[in-house]
Amino acid sequence: MISKKYDIVVIGGGPAGASAAMSLSEKGYTVIIVEKKSFPREVLCGEFISKEVIEFLKINFLYKDFLKLNPNPIRLFRYIASNGTDVNSSLNFPSFGIKRSKFDNLLLSKAGERGAEIIQPAEVRGIIKKADGYLITIKVANEEEIKIFTKIIIAAYGKQNILDKISGRNFYRKKSCLNGVKFHIDKSMFRDFNPDEIVMFDGDDIYLGLNAVDNSTVTLCFLEKRNKLNYSTKERLILLSRQNRKFNAMLSEDFFDYVSKLQVYGTGNIYFGKRDIVNEGIYYLGDAAGVIAPLVGDGIGIAVQSAGMLSEILFRNNLHIEQSANEYRREWKKMFLRRMYIAGIIQKGVLNHSIRNTGIKVISRFPRILSTIIKYTRG
Ligand SMILES: Cc1cc2nc3c(=O)[nH]c(=O)nc-3n(C[C@H](O)[C@H](O)[C@H](O)COP(=O)(O)OP(=O)(O)OC[C@H]3O[C@@H](n4cnc5c(N)ncnc54)[C@H](O)[C@@H]3O)c2cc1C
């Protein structure tokens, strides 16, 4: 039985889905966000909020609410290589650290206040294409199912999803062996941590970032290349601390025991390659459309920017599927493809021992390269 009809169904209430729903509701469409988890929820992320996001918050009159969440201001990017080289560049734009649970909850609740309907926890389980739209099956509490009908689907369900398999997306079977992990760590577990900085450390097949997200918490997030899953996250960090002495020097004595008891937010086998932006008339948004390498790119920025882009295109074309799809593909590629490509090359270089060492030597001789990289990987 169909419970209701909407102009637009947004699958996923993260930054991409919430900001698209907010903008499309404000344009007068009936929009529903279907979100699998109950917010506030955590998600794998370095929790670094960059300039594109700040611009988005300002344009959408959300900046004051964001500041009320007490994000931690960050002014300097520092890179500490395993050979001891320590380079930095000031960030000439406003940036912050904040827990994703707080940030995403702000966006989702504002989408609701501005007209979008939200159901959570509720998971989209199936999509059937009909002549004039889509029939969506949603699992709500106690395995109960509801069905809704919509003209437009925006899939903003993140980097990995069973729905990619169901829809036969082109990358679904590809393996990357790239795993990401996030922890929230008490600041007392670090020696001399400077909250003004985002610090990156490298080691063999790994890079790791640290930044404060409030007065007492530091986010530790790393991305690693791993072919065998034969060691724990704690062991991975111990290995890095042996390879990168300056990382080791920052940790308190009981750091590793402390970390082994923490909740891990992680994702395995993250695919950073090309994805289809529109498939079978479904518009992909945020990470579902493409995952930028986190070392130098800001996925949240791309999520909110692509949401604004898609909303404008759908509005301009009065929800006409074909026309909107062509424009969205074209504009998405123009705006994000180069950033994604540069970020991917840098990530591959950092995860490769010899390329990394050569790169570090060049950057320590010509430190301005660092600010150029920062500039060209942000929109
Ligand atoms: C290691 C790592 C570090 C990163 N660090 C940063 C950083 O510091 N700064 C930054 O800007 N970006 C960072 N990113 C990228 C950033 O996390 C993502 O780009 C961002 O979360 C994308 O937002 P999204 O809305 O597309 O997806 P998500 O935030 O993943 O949201 C997707 C939502 O969809 C929901 N969902 C999934 N399936 C269904 C379903 N079937 N039905 C209903 N709901 C569903 C999920 O519950 C989730 O809430 C990092 C990424 C990685 C891998």
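Along the sequence shown, residues are numbered consecutively beginning with 1. Counting starts at 1 for both ligands and their atoms, in listed order. Just so it is clear, the model here is predicted, and its values are computed rather than measured.
Taking all heavy atoms of Pro121, Gly13, Gly299, Gly126 into account, the minimum distance to atom 15 (C) of ligand 1 is reached by Gly299. With Ala18, Gly46, Ala20, Gly180 as candidates, the residue nearest to atom 5 (N) of ligand 1 on a non-hydrogen basis is Gly46. Closest heavy-atom approach to atom 27 (O) of ligand 1 within the set Gly158, Ala155, Ala293: this belongs to Gly158. Closest heavy-atom approach to atom 6 (C) of ligand 1 among the candidates Cys45, Ala289, Ala307: Cys45. Considering only non-hydrogen atoms, atom 20 (C) of ligand 1 lies nearest to Arg100 out of Arg100, Glu47, Lys159.
Residue pairs that meet the salt bridge (charged side-chain N to carboxylate O under 4.0 Å, His left out) test with at least one member in residues 268-278, sequence neighbours left out, are Arg169-Asp276. Residue pairs meeting the ring pair (Phe, Tyr, Trp, His ring centres under 6.0 Å) criterion with at least one member in residues 3-47, sequence neighbours excluded, do not occur.
Salt-bridge formation is not detected for the pair Lys225/Asp204: no Lys NZ or Arg NE/NH1/NH2 atom is positioned less than 4.0 Å from an Asp or Glu carboxylate oxygen. A salt bridge is absent between Glu35 and Lys37; no separation between the charged side-chain nitrogens and carboxylate oxygens falls under 4.0 Å.
With ligand atoms numbered from 1 in the order given, ligand 1 contributes 26 (O) to contacts under 4.0 Å with heavy atoms of Gly286. Interface atoms of ligand 1 facing Leu163, defined by a heavy-atom separation under 4.0 Å, are 41 (N). Interface of Ile270 with ligand 1, defined as ligand atoms under 4.0 Å from a residue heavy atom, comprises 53 (C). Applying the 4.0 Å criterion to heavy atoms of Gly12 picks out, from ligand 1, the atoms 33 (C), 34 (O), 35 (C), 44 (N). Interface atoms of ligand 1 facing Ala156, defined by a heavy-atom separation under 4.0 Å, are 32 (C), 33 (C), 34 (O). The Ile11 neighbourhood of ligand 1 comprises atoms 40 (C), 42 (N), 43 (C), with distances under 4.0 Å to a heavy atom of that residue. Here is the list of ligand 1 atoms found below 4.0 Å of a heavy atom in Glu123: 40 (C), 41 (N), 42 (N). Close approach of ligand 1 to Phe48 is summarised as follows: ligand atoms under 4.0 Å from at least one heavy atom of the residue are 7 (C), 8 (O), 9 (N), 10 (C), 11 (O).
Gly286 and Ser306 get closest at one heavy-atom pair: N-OG, 3.6 Å. Here the closest non-hydrogen pair linking Leu237 and Phe247 is O-CE2, 4.0 Å. Contact between Ser188 and Asp186 at its shortest, heavy atoms only, is OG-OD1, 2.7 Å.
Protein heavy atom at the shortest distance from atom 23 (O) of ligand 1 is Pro15 CD, 3.7 Å. Closest to atom 43 (C) of ligand 1 among all protein heavy atoms lies Val34 O, 3.2 Å. Remark: minimum distance from atom 18 (C) of ligand 1 to any protein heavy atom is reached at Asp287 OD2, 3.2 Å. Given atom 1 (C) of ligand 1, the protein heavy atom at minimum distance is Cys221 SG, 3.7 Å. In terms of protein heavy-atom proximity, atom 45 (C) of ligand 1 is closest to Lys36 CB, 3.6 Å. Distance from atom 25 (O) of ligand 1 to its nearest protein heavy atom, with residue and atom name: Ala16 N, 2.9 Å. Given atom 35 (C) of ligand 1, the protein heavy atom at minimum distance is Glu35 OE1, 3.3 Å. Counting protein heavy atoms only, atom 41 (N) of ligand 1 is closest to Val124 O, 3.2 Å.
Here Val181 has no heavy atoms under 4.0 Å from ligand 1, in either its backbone or its side chain. Residue contacts with ligand 1, taken as heavy atom pairs separated by less than 4.0 Å, do not involve Arg125 at all. Of all the heavy atoms of Ala122, the ones lying under 4.0 Å from any atom of ligand 1 belong exclusively to the backbone. Within the 4.0 Å heavy-atom criterion, the part of Pro294 lying near ligand 1 is the side chain and not the backbone.
Under a hydrophobic-cluster definition in which Ile, Leu, Val, Met, Phe, Trp and Tyr are linked whenever side-chain heavy atoms come within less than 4.5 Å, directly or via other members, Ile360 and Ile80 are assigned to different clusters. Criterion: ILVMFWY side-chain heavy atoms under 4.5 Å apart, direct or through other members. Under it, Leu208 and Leu178 are not part of a common hydrophobic cluster. Transitive grouping of hydrophobic side chains (ILVMFWY, heavy atoms separated by less than 4.5 Å) keeps Ile98 and Ile198 in distinct clusters.
Relative to the six-membered ring of Tyr63, Lys58 meets both conditions, a distance below 6.0 Å and an angle of at most 45° to the axis. Under the 6.0 Å distance and 45° angle rule, Lys182 counts as a cation-pi partner of Tyr265.
Every heavy atom of Gly209 sits 4.0 Å or more from the atoms of ligand 1. For the ligand labelled ligand 1, residue Arg41 lies inside the 4.0 Å heavy-atom shell.
Aromatic ring orientation, Phe171 versus Tyr271: parallel (interplanar angle below 30°, classes split at 30° and 60°). In this structure, Tyr79 and Phe77 have tilted ring planes: the angle between them lies in the 30° to 60° band.
The 12-atom threshold is not exceeded at CD of Glu253, counting heavy atoms of other residues, nucleotides or ligands nearer than 6.0 Å. Atom CZ of Arg242 sits in a sparse spot, with 12 or fewer heavy atoms from other residues, nucleotides or ligands closer than 6.0 Å.
At least one N or O atom of Ile300 sits closer than 3.5 Å to an N or O atom of ligand 1. Residue Gly17 has no N or O atom closer than 3.5 Å to an N or O atom of ligand 1.
Residues Ser311 and Lys27 have side chains in contact (heavy-atom distance under 4.5 Å, counting atoms from C-beta outward).
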